[in-house]
Amino acid sequence: MTDQHVLLEPGTPVNLENCHREPIRTPGGIQSHGALLAADEHTLEVVQASSNAAQHFGRPVLGALLADLLGADVIEPLRARAEEATPNLRPLRVRGLDVYAYRAADNVLVVEIEPVGPGAASLTRYQEDVARALTLLQHAPAVDELLWSAARIVRDLTGSDRVWVYRFEADDHGVIVAEEKREGLDAFLHLHYPAGDIPPQARALFLQNRLRFIHDVQTPATPLEPLVNPLTGEWLDLSGGVLRAVSPIHIRYLKNMGATASMSIALSVGGRLWGLISGHHYSGPLFVPHEVRATCELIGIVCSMQLDALEQLEVSRRQTALGTHRSAVLDRVAASSSILDGLEQAGEELLAVCDAEGAAIRIDGDLRLVGETPEDVAGILDGLEGADVFATDSFEGPMPGVLAAPLAVARGNHVVWFRSEYVHEIEWAHAPKSLAVKDPDRLNPDGSFRTWAESVEGRSRPWTTAEIESVAELRSALGTFLITRAEQLAALNAELARSNEELDAFAYVAAHDLKEPLRGISNFTTFLVEDYEDALDAEARERLATIHRLSQRMASLLDSLLEYSRIGRADLDVTDFTVGDVLEDALDLLATKPAITVSGADMPLRGDRIRVRQALVNLLGNAVKYSPDEPRISVTARDGVVCVSDNGIGIAPEHHDSIFHVFRRLHARDAYGGGTGAGLTIARRIAERHGGRLWLERSVPGEGSSFCFTLEGD
Ligand code: ADP
């Protein structure tokens, strides 16, 4: 760090090069329309004074007592005023003068004396002015109107020839955004002023002492005597007062602009100097009395509060608008099969998320473009490194006008928005100091104030905080989408696999272990009937027969269950065969041989022939079971699809799904020859184990049904 920010010793001559280090709080003098006395707080003896004070009081002041100069009656009230927090000094009106008091350092009581303005008599008028002004400010619907109102009010109150509002931009240069002026003056509106025009220490002081009043640019400052305060050994800090002398550089600046008096009021938002309400007068000194200054200061404060509120309102309106576009994009993504498609289809809405002109989406190598995009989009995306949302309006680097939301940097997945270069002209009130140094002709403020147009290139419109936040929001919403979709699928698959395995294991164990005792029961009842036939009466025999029948039935249920679980567990023994081959196998197994018409018998199939046979047996068996006495069954094979159709009872639409549930039957147990309700479930599972599908192609009650299956995925 150099001495860039260290203030110069008081009294050091200042110039354009070092004015940013000028100790403006300790200028060693005051504006000449007033007088200053600095006294020992305890003894009240004057130890330092402005050189005009003696003339003002008509007697020497150094060494005199404050009470003798001002009157004994004002000492206590003055002390009380000095205890009040500065700034916003309130003067005591003493014998036609405004007298201010503040403590400039430990033990140093400073008294500043200023004339009372001509208008000060009419206090009620000011009160009315204040009320009217505040109402105007309060009702301004937007920032722009607020600032124009403020400029008008301050001009009305002060009578300045020109009042304007400066807004400081991110790089601290100022732009004039509102202006009220006397007729005949050139307009300053929209002119830009270099940041150096108001050096940093002056900006800092504005946050503390919100109003700067320069009564007369032409008359030189009045020095303090002695320059060094005897009590502190230092130059007096006048930053809390109203008379502080103006920097000679600033005086030159004002003179170059033709100003003869000036006043500036701070506008601050969130502890930052937002801008200034400034006034210039061109026709000689302009005395703005305390009451008017106090009113202007109040206007600055109210205006700042309104600015804060309106800016927040504007930001939140903007956020809401961007949020609406974001929701539209997310709806689109939710409704489409992939994030990539969804974002691309969102089109204009995607661009509106941050008011971009183009966008690019790349997910796993698949790149989609929306709107106007630069040439080498892929290259730009490849260059993105960080995982954070990234924004630049610069066209100098490799990322021209880019607002990027990385989704997964390692995989090169990004959503990126683009803005084109925004070439425009800025009109400067005068050349910035850096240029002035290079080009002495433009030397300023010594040089003339001719305006100077700069063509701004190499930048896009800047991305606002709301826009960057909007993109960040969209990204996190998409992130949740990505995660939830992937996670949901993974979790679902894992869950399914686990429950399938458990079910298979359970079904196998249950079916396997139950079969033995069941066979025992069945056999035992058979023995009972055979061996004790004579001893049993008709009712007992009937009961035993029921037990036998039920256990048989249970055995067949267990067989189905066992079969079902086996399909899930056993490996497939895959071979090649034709539909005709396996159909022949199946017909061998069917108890009743139906009449079947076959087409596509030589269509090749590849799979576990025994399992496929089983599936066919189940379908054919059903076709026979659920058909009239003369079933007409057809098997057609084409393009890898095998269908079994019948002219049977058909299935009502509401049962089209449930028939595939295990052990689900639509009829009484013994109707249509009975069944366990597992046949279709098993057949479907066989198809699926092969990677294929089995479905009900068509079924109309009373007309017939058609079931189809494939063995390979389609
Ligand atoms: P089930 O052993 O009862 O036949 P399935 O799982 O094979 O069990 O079939 C389930 C139910 O689907 C059957 O009870 C029956 O109601 C209906 N169904 C199956 N195939 C046909 C068909 N071809 N025609 C009419 N209904 C059928």
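All ligand and atom numbering here is 1-based and tracks the order in the structure. For the single chain, residues carry numbers from 1 onward in sequence order.
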Where ligand 1 meets Ile659 - atom numbers and elements under 4.0 angstrom, heavy-atom basis
6 (O), 10 (C), 11 (C), 12 (O), 17 (C)
Of all the heavy atoms in Gly650, does at least one lie under 4.0 Å from an atom in ligand 1?
yes
Ring pair (Phe, Tyr, Trp, His ring centres under 6.0 Å) filter on His656, not counting sequence neighbours, yields none
Please state whether Asn618 comes within less than 4.0 angstrom of ligand 1, counting heavy atoms only.
no
Is Arg318 paired with Glu314 through a side-chain N to carboxylate O contact shorter than 4.0 Å?
no
Is any side-chain heavy atom of Trp274 closer than 4.5 Å to a side-chain heavy atom of Arg167?
yes
Short N/O distance, under 3.5 Å, between Thr681 and ligand 1?
no
Is any N or O atom of Phe707, backbone or side chain, closer than 3.5 Å to an N or O atom of ligand 1?
no
Pairs meeting criterion disulfide (SG to SG under 2.5 Å) with involvement of residues 365-413, two or more places apart
none
Could you walk me through whether Glu349 and Val353 pass side-chain contact (heavy atoms from CB on, under 4.5 Å), step by step?
CA-CA 6 Å; Glu349 289 287 6; Val353 161; over 6 Å; no
What I'd like to find out is whether the side chain of Phe709 reaches to under 4.5 Å of the side chain of Ile686, using heavy atoms alone.
no
For Lys625, the ligand 1 atoms whose distance to one of its heavy atoms is below 4.0 Å
1 (P), 2 (O), 4 (O)
Please indicate whether any nitrogen or oxygen in Ile649 is less than 3.5 Å from any nitrogen or oxygen in ligand 1.
no
